[in-house]
Trainee: 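Just dropping this structure here.
A note on names: the letters A, B, ... follow the listed sequences, proteins ahead of strands, and every chain is numbered from 1.
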Number of protein chains: 2
Amino acid sequence: MTPQSGRSPVMADVARLAGVSHQTVSRVVNGHPNVRAETTARVQRAIDELGYHRNSTARALVTRRTNVLGVIAFDTTLFGPAQTLAGIERAAREAGYFLSIVSLDDVSPAGVAEAVDYLIQQSVEGCIAIAPQRALVKALASVPGPRPLVAVEGGEGSGLPVVCVDQAQGAHDAVRHLIDLGHRTVHHISGDPEWLEAESRVAGWRRALGEAGATAPEPLVGDWSPRSGYEKGRRLVQRRATGEPVTAVFVANDQMAIGLLRALGEAGIRVPEDISVVGFDDVPEAEFLAPPLTTVAQDFAQVGRVSLRVLLDELGAGERSVAEDAPPGAPPDPAPRLIVPARLRVRQSSGPAPVPHR
Amino acid sequence: MTPQSGRSPVMADVARLAGVSHQTVSRVVNGHPNVRAETTARVQRAIDELGYHRNSTARALVTRRTNVLGVIAFDTTLFGPAQTLAGIERAAREAGYFLSIVSLDDVSPAGVAEAVDYLIQQSVEGCIAIAPQRALVKALASVPGPRPLVAVEGGEGSGLPVVCVDQAQGAHDAVRHLIDLGHRTVHHISGDPEWLEAESRVAGWRRALGEAGATAPEPLVGDWSPRSGYEKGRRLVQRRATGEPVTAVFVANDQMAIGLLRALGEAGIRVPEDISVVGFDDVPEAEFLAPPLTTVAQDFAQVGRVSLRVLLDELGAGERSVAEDAPPGAPPDPAPRLIVPARLRVRQSSGPAPVPHR
DNA sequence: CTGAAAGCGCTTACAG
DNA sequence: CTGAAAGCGCTTACAG
């Protein structure tokens, strides 16, 4: 009568207890119509009594849908990726999907192939790659990996659907803000050039300077780390000491800006009186640095939501194409490209250009 | 001959192509002995040609093992949880397990029940909860959730196996360091008191002061955020202005220490000349603050590895207990409790106590 | 060393 | 409105 103990109850156990067939239990569990209210109640009682949970594995086998989505990321402890992942996670749960995450240790084709294999083994229905690096995008686009695949941050030209923050616009706004404060030009400490975000921010910086008729100084190439911000900051201090006018710096992320702030502080250079600093990311501590950092905020939650929606759309499109609702020979839809705006947050690390003492 | 296109190949397709039965394909795929080398080669060729991947769902159904482990976390964008999660992720992948992650929006019993349900629905074999909050641990221990369940950071007294960093020892070392520098006492800005880590750090601080025969000033209760560090810092500046001797502050995390640093800077108080500051976490930017922050580092990668090992041990123990290798009536093994040490990193924000100007 | 049979726990037509 | 049958793609004994 009662199910064998030590084994969790299955549909047949519920059916026996409720005095119906297991198909009827299935109907109740799946909310199908055409079940008598009284039967439903009896089945529900049996379910509650037994503590029955539908076996998702068996269900997945027959429906051919695992309800699992894969996420490929490079380093989920970084601010941006961590935020994006959290956004995707929330959106996925709300949409009834599970998430399987794999972090890459390196972006080599071999490393990427292994990660992709891991995901394929788990029969994910689709994937989102948080792929801000050039090499990673290239490897992903070439590997016969899971499809559909949506690229978050980067992936341009890969043929993959892309969701990203408008990095260039954010950088442009930051630099424009400094120009408007009277700075003749703006120096730049860039991120790791292997990252597409670094490239986009450089582009936005250049464009803003170009529009203002300002000459772009040689950018200092960092690697996102506070250490590199510090080191490039010291370089900048030297360049200033030799007479080069340095009055404003746009730094490609807040961590490097923190390093720069220390280098300037050590040299006795005041922010913003002597040099203005603008970062990127708006990390929680940005507002509480000394001085509070002007920076560019990205809406990662929205990036997460949008990328999940794009992936779900692709999944739907895949099903439709099997059903042949597109006329044969029609060109395939181009890969969508969704762009989330970035927003400048002005605080106290940026101020008017110092009056040159001639 | 070739499998129907539009459908991914199954074992039977490989079998047909290789001219063997599907059981033989299964043997090859699972590396069973007792297959002729020549047969293995022929099957392998068919697998490669077809691009066959074993269907993990079908496999899970028959083996009753999903190979999926669940992780419950509160906020994976926080430094500690993000690091711990990354450590678990890496360890799980190396052990051949997949990870399903659910982030809680709140630690209410209802929120926790929902998260647990999500994981149960996915038939996870076991769970790790990154559960640093009192309420969360309580809810987890009471809910008829997935078992085995390992609690990371906190969970003491819940009856669950626990893996955590030795917070109290880390705090003790930090305070002892300040005492050794000649400070008469050490003030404390605590974390959110709902968090067990906050409590442990307070305990370590108190113990170190007690051992030194110092009186513990009333702690300032923060909430981990840079903002609260700033606000409590201003409070401390006021107390100092009224004549209270404040020469050293142990702050429960680096983010609050950043806020404190700003509050001190605004008040013209020098660090470490006037006041020494020690944080907790060793975030990447700690070394590049002005001044570089003395803090306590936690080995999150090790926490991740250890917690996975404990979970795997529990899984093994569960199987053994079914096989009855323990004498009936023997008391169950007590829940293990593994503690990872914390390490003080001395930098420039801590220095000798100022000579009191009488 | 290899194959025919049974079954994992469901859902999906198909009858009635 | 409800049930008997078939089958999803594998693995696990059991034969040979």
Side-chain angles (χ1 to χ4, degrees), chain A residues 3-4 6-44 46-47 50-68 96 120-125 319, chain B residues 3-4 6-44 46-47 50-68 96 120-125 319:
Chain A
Q4 212 179 315
R7 168 170 81 63
S8 47
V10 299
M11 211 170 245
D13 298 319
V14 176
R16 212 173 305 128
L17 184 61
V20 297
S21 72
H22 73 275
Q23 285 95 320
T24 297
V25 177
S26 175
R27 291 193 184 94
V28 170
V29 167
N30 292 300
H32 279 207
N34 299 354
V35 181
R36 255 201 314 171
E38 203 244 316
T39 310
T40 302
R42 212 164 63 232
V43 169
Q44 193 56 55
I47 287 174
L50 258 28
Y52 169 73
H53 285 277
R54 177 171 60 189
N55 181 318
S56 61
T57 303
R59 177 165 220 267
L61 180 59
V62 64
T63 60
R64 297 153 177 285
R65 298 203 41 199
T66 56
N67 253 275
V68 176
I120 288 179
Q121 277 191 31
Q122 211 188 154
S123 312
V124 297
E125 293 183 26
E319 279 169 20
Chain B
Q4 210 180 317
R7 167 168 83 62
S8 47
V10 298
M11 210 169 246
D13 297 319
V14 176
R16 213 172 304 129
L17 185 60
V20 297
S21 73
H22 73 277
Q23 285 95 319
T24 296
V25 177
S26 175
R27 289 193 185 93
V28 171
V29 167
N30 292 300
H32 281 206
N34 299 353
V35 181
R36 253 197 318 168
E38 202 244 315
T39 310
T40 301
R42 212 165 61 232
V43 168
Q44 193 55 56
I47 287 174
L50 259 27
Y52 170 73
H53 285 277
R54 177 171 61 188
N55 181 318
S56 60
T57 302
R59 177 166 220 266
L61 180 59
V62 65
T63 61
R64 296 155 177 283
R65 297 202 44 199
T66 56
N67 253 275
V68 176
I120 288 179
Q121 277 190 30
Q122 210 187 157
S123 313
V124 297
E125 293 183 25
E319 279 169 19

Trainee: Could you check whether A:Arg54 gets within reach of a base, just the sugar-phosphate, or nothing at all, counting any heavy atom under 4.0 Å?
Mentor: sugar-phosphate

Trainee: Expressed in angstrom and rounded to an integer, what is the separation of A:Arg65 atom CZ from D:dG9 atom P?
Mentor: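 These atoms are roughly 16 Å apart.
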
Trainee: Please list, in numerical order, the residues of residues 34-41 of chain B that have a heavy atom closer than 4.0 Å to any atom of DNA chain C.
Mentor: B:Asn34, B:Val35, B:Arg36, B:Thr39

Trainee: Would you mind reading off the distance between B:Leu61 atom CG and D:dT11 atom C1', rounded to a whole angstrom?
Mentor: 10 Å

Trainee: For B:Asn67 and D:dT11, what is the distance between atoms CG and P respectively, to the nearest whole Å?
Mentor: 12 Å

Trainee: Look at the side chain of A:His22 against the base of C:dT11 and say whether a donor-acceptor pair falls under 3.5 Å; ignore hydrogens and angles.
Mentor: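 Under the 3.5 Å cut-off, the side chain and the base do form a donor-acceptor pair.
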
Trainee: Any donor and acceptor pair, going by atom type alone, linking the side chain of B:Ser56 with main-chain N or O of A:Gln121 inside 3.5 Å?
Mentor: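 Yes; judged by distance alone, with no hydrogens or angles, the pair exists.
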
Trainee: Which string of ( ) [ ] | and . matches DNA chain D, if you list each base 5' to 3' and count Watson-Crick or G-U pairs only when both distances are under 3.5 Å?
Mentor: |||.||||||||.|||

Trainee: Backbone N or O of B:Arg59 within a donor-acceptor pair of the B:Thr63 side chain at under 3.5 Å?
Mentor: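 At least one qualifying donor-acceptor pair exists.
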
Trainee: In whole angstrom, give the distance that lies between atom CD1 of B:Ile47 and atom P of D:dC10.
Mentor: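 About 10 Å, once rounded to whole Å.
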
Trainee: Picking from D:dA4, C:dG3, C:dT11, which would you name as closest to the side chain of B:Gln23?
Mentor: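 Given the options D:dA4, C:dG3, C:dT11, the side chain of B:Gln23 is closest to C:dG3.
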
Trainee: Send over the distance from B:His32 NE2 to C:dT2 P, rounded to a whole Å.
Mentor: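 So the two atoms are 14 Å apart, to the nearest Å.
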
Trainee: Between A:Thr66 and A:Ser123, what is the shortest heavy-atom contact and its length?
Mentor: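 Nearest pair, atom of A:Thr66 first, then A:Ser123: OG1-O, 2.7 Å.
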
Trainee: Is the distance from OP1 or OP2 of C:dG9 to the nearest side-chain N or O of A:Tyr52 less than 4.0 Å?
Mentor: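 The answer is no; no side-chain N or O of A:Tyr52 sits under 4.0 Å from OP1 or OP2.
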
Trainee: Mark yes or no for whether A:Asn55, through its side chain, and A:Thr57, through its backbone, hold a donor-acceptor pair below 3.5 Å.
Mentor: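 A pair under 3.5 Å: yes.
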
Trainee: If each of B:Ala58 and B:Gly19 is mapped to the nucleotide of DNA chain C with the nearest heavy atom, which maps nearer the 5' terminus, i.e. the 5' end?
Mentor: B:Gly19

Trainee: The side chain of B:Val20 is closest to which nucleotide in this list: D:dC8, D:dC10, C:dG3?
Mentor: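 Per side-chain heavy atoms of B:Val20, the pick is C:dG3.
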
Trainee: Shortest non-hydrogen contact from B:Val10 to B:Tyr52?
Mentor: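 So the minimum-distance heavy-atom pair works out to C-CE1, 3.5 Å.
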
Trainee: I want to verify a distance call: between D:dC10, C:dC10, C:dC8, whose nearest atom is closest to the B:Asn55 side chain?
Mentor: D:dC10

Trainee: Looking at C:dT11, I'd like to know if its phosphate oxygens (OP1 or OP2) sit under 4.0 Å from a side-chain N or O belonging to A:Asn30.
Mentor: yes

Trainee: For A:Ala46 versus A:Ala18, what's the shortest heavy-atom pair and its separation?
Mentor: CB-CB, 4.0 Å

Trainee: With respect to the phosphate group of D:dT2, does any side-chain polar atom (N or O) of A:Ser21 fall under 4.0 Å of OP1 or OP2?
Mentor: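 No, A:Ser21 has no side-chain N/O under 4.0 Å of OP1/OP2 on D:dT2.
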
Trainee: Give a yes/no on whether any side-chain N or O of B:Arg64 is located under 4.0 angstrom from OP1 or OP2 of C:dC8.
Mentor: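 For C:dC8, OP1/OP2 do not have a side-chain N/O of B:Arg64 under 4.0 Å.
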
Trainee: The side chain of A:Arg27 is closest to which nucleotide in this list: D:dT2, C:dG3, D:dG7?
Mentor: D:dT2

Trainee: Quick one: is B:Thr24 getting a side-chain N or O under 4.0 Å of the C:dT2 phosphate, OP1 or OP2?
Mentor: no

Trainee: What's the closest nucleotide to the side chain of A:Val62 if the choices are D:dG7, D:dG9, D:dT12?
Mentor: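 Nearest to the side-chain atoms of A:Val62, counting from C-beta on, is D:dG7.
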
Trainee: Which is it for A:Val43 and A:Thr40 under the side chain to side chain contact (heavy atoms under 4.5 Å, CB included) test, yes or no, and what are the steps along the way?
Mentor: CA-CA 5 Å; A:Val43 169; A:Thr40 302; 5.9 Å; no

Trainee: Closest heavy-atom contact between A:Asn67 and A:Glu125?
Mentor: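 Taking every non-hydrogen atom into account, N-OE2, 2.5 Å.
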
Trainee: Which atoms form the tightest heavy-atom contact between B:Met11 and B:Ser26, and what is the distance?
Mentor: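 Nearest heavy atoms, B:Met11 then B:Ser26: CE-CA, 3.5 Å.
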
Trainee: Which heavy atom of A:Arg42 sits nearest to which heavy atom of A:Gly19, and what is that distance?
Mentor: NH2-O, 4.0 Å

Trainee: In whole angstroms, how far is the P atom of D:dG9 from the CD atom of A:Gln121?
Mentor: 18 Å

